[in-house]
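The structure presented is a predicted model; accordingly, all values stated were derived computationally and were not measured.
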Amino acid sequence: MHADGTVSIILNGEHKRVAAGLTIAQLAESLGLVPAKLAVERNLEVVPRSTLAEVMVEDGDELEIVHFVGGGDHAGDDGWSVAGHSFRSRLIVGTGKYKDFEQNAAAVAASGAEIVTVAVRRVNVSDPNAPMLTDYIDPKKITYLPNTAGCFDAESAIRTLRLAREAGGWDLVKLEVLGEARTLYPDMVETLRATEVLANEGFKPMVYCVDDPIAAKRLEDAGAVAIMPLGAPIGSGLGIQNQVTIRLIVEGAKVPVLVDAGVGTASDAAAAMELGCDGVLMNTAIAEAKDPILMAAAMKAAVESGRLAYRAGRMAKRRYADPSSPLAGLI
């Protein structure tokens with residue numbers, strides 16, 4: 001022990017002086033560590049965790065303190081959360097319009113999506129052995145998001161999601177209540193009514209809606225855990241038609257905002273992310289592409305690059321040129 005009441009140790013390869021009379025547990029706590037979550041080697045011998053509060057740190061000790069971390073370098077991760085569920089991918093894909101389940105599964109894999117929307121439909125009682133989506137996309141690995149596609153009133157949407165929860169235990173769901181079949185535009189009166197009922201029953205509804213900041217706020221107040229404004233009519237592929245209102249929704253919402261419907265190609269997905277949206281949901285843009293698997297990969301890259309661009313902050317738009325090279329000192 002030194003005259004100043006310290007001892008010299010080597011801790012994880014570095015020479016340090018620490019107060020004399022500390023146990024290993026006390027040393028760990030002084031470093032802001034939790035002893036119960038550590039493994040310690042002292043002079044090349046593993047110290048049982050149950051004895052960390054008893055073993056004293058002595059002059060000349062060599063200590064290695066380790067703990068578990070996730071594999072790989074996650075410094076660049078930029079995940080998002082909805083209703084307590086966390087995800088890395090900001091792309092959600094649908095499971096309709098594919099030629100078969102095998103192609104659907106391959107597209108999901110290429111997209112990197114961790115969530116897929118699934119429609120709730122009657123069981124095929126005439127052929128109970130027919131292939132099922134769960135045979136190709138494992139709900140233990142990919143989050144299923146039951147939706148109410150095809151529902152035109154609050155009652156049918158609520159009934160559908162009650163059955164979905166009974167079938168799979170899902171409470172995170174996608175709610176859409178359509179106004180009419182030609183445009184598949186949302187009926188906001190019925191949508192708001194269904195949101196209130198579902199939220200009161202413990203559901204966590206992610207809600208498809210019009211691109212209206214006031215409607216979005218009312219849905220959030222009613223219990224929506226995510227706001228999902230359309231970029232253009234469902235399946236139209238027209239891209240983001242009103243960036244101003246979607247940006248206003250993003251700025252005013254306290255829950256995640258995801259563009260739902262209207263994306264046609266990768267640039268549309270990137271545009272949605274550059275507006276600050278938390279994610280993008282799409283189905284037709286991938287399923288009806290000439291090469292769905294390649295388009296799924298393109299959408300993955302577009303969502304990621306759009307998010308990076310939003311985080312980076314774009315340059316200001318100007319009316320006139322601004323030279324990149326200085327004009328002073330020209331020959």
Side-chain angles (χ1 to χ4, degrees), residues 82-83 85 92-98 101 104 115-128 130 132-134 137 139 142-212 214-236 249 255-262 281-284 287:
V82 56
H85 302 264
I92 301 175
V93 298
T95 52
K97 300 185 177 181
Y98 291 92
F101 288 142
N104 191 174
I115 307 175
V116 297
T117 58
V118 292
V120 181
R121 295 293 182 266
R122 289 189 175 99
V123 172
N124 185 352
V125 292
S126 62
D127 184 8
M132 300 178 65
L133 182 66
T134 51
I137 300 175
I142 302 292
T143 297
Y144 275 34
L145 186 67
N147 70 17
T148 57
C151 292
F152 289 86
D153 58 70
E155 282 73 22
S156 60
I158 294 166
R159 181 184 176 198
T160 296
L161 292 177
R162 285 171 177 165
L163 285 168
R165 181 159 66 179
E166 184 64 26
W170 295 291
D171 58 3
L172 184 64
V173 295
K174 182 195 168 191
L175 171 66
E176 59 181 72
V177 184
L178 306 175
E180 46 91 35
R182 185 173 64 91
T183 63
L184 299 180
Y185 230 65
D187 180 329
M188 292 311 299
V189 173
E190 292 293 284
T191 298
L192 183 60
R193 192 156 65 89
T195 301
E196 291 173 338
V197 172
L198 291 168
N200 286 334
E201 292 185 7
F203 285 94
K204 300 170 182 176
M206 301 172 66
V207 186
Y208 167 66
C209 63
V210 294
D211 55 335
D212 175 355
I214 306 305
K217 183 66 172 66
R218 287 177 177 167
L219 287 172
E220 188 176 335
D221 292 343
V225 298
I227 305 299
M228 306 179 75
L230 51 76
I234 291 174
S236 67
I249 292 172
V255 297
V257 177
L258 301 92
V259 162
D260 179 7
L281 189 153
M282 65 185 72
N283 188 170
T284 307

I'd like to know whether CZ of Arg193 has more than 12 heavy-atom contacts from other residues, nucleotides or ligands below 6.0 angstrom. yes

Tell me whether Glu180 at atom CD has more than 12 heavy atoms from other residues, nucleotides or ligands lying less than 6.0 Å away. yes

Under 3.5 Å, side chain of [X] to main-chain N/O of [Y], donor-acceptor pair present?
X      : Y      : value
Thr148 : Glu176 : yes
Thr95  : Thr117 : yes
Tyr144 : Ile137 : yes
Asn283 : Gly96  : yes

Assess whether side chain to side chain contact (heavy atoms under 4.5 Å, CB included) is satisfied between Val210 and Tyr185, documenting all intermediate values. CA-CA 8 Å; Val210 294; Tyr185 230 65; 3.7 Å; yes

Might you point out which heavy atoms bring [X] and [Y] nearest each other, and give the distance in Å?
X      : Y      : result
Val207 : Ala224 : CG2-CB, 3.6 Å
Ala199 : Ala222 : CB-O, 3.5 Å
Cys209 : Pro186 : C-CG, 3.6 Å

To the nearest 0.5 Å, what is the distance between OG1 on Thr143 and CD1 on Ile115? 5.5 Å

Any heavy-atom pair between the side chains of Met188 and Arg218 that's under 4.5 Å? no

I want to check something: taking the side chain as every heavy atom from C-beta on, are Leu281 and Leu258 in contact at a cut-off of under 4.5 Å? no

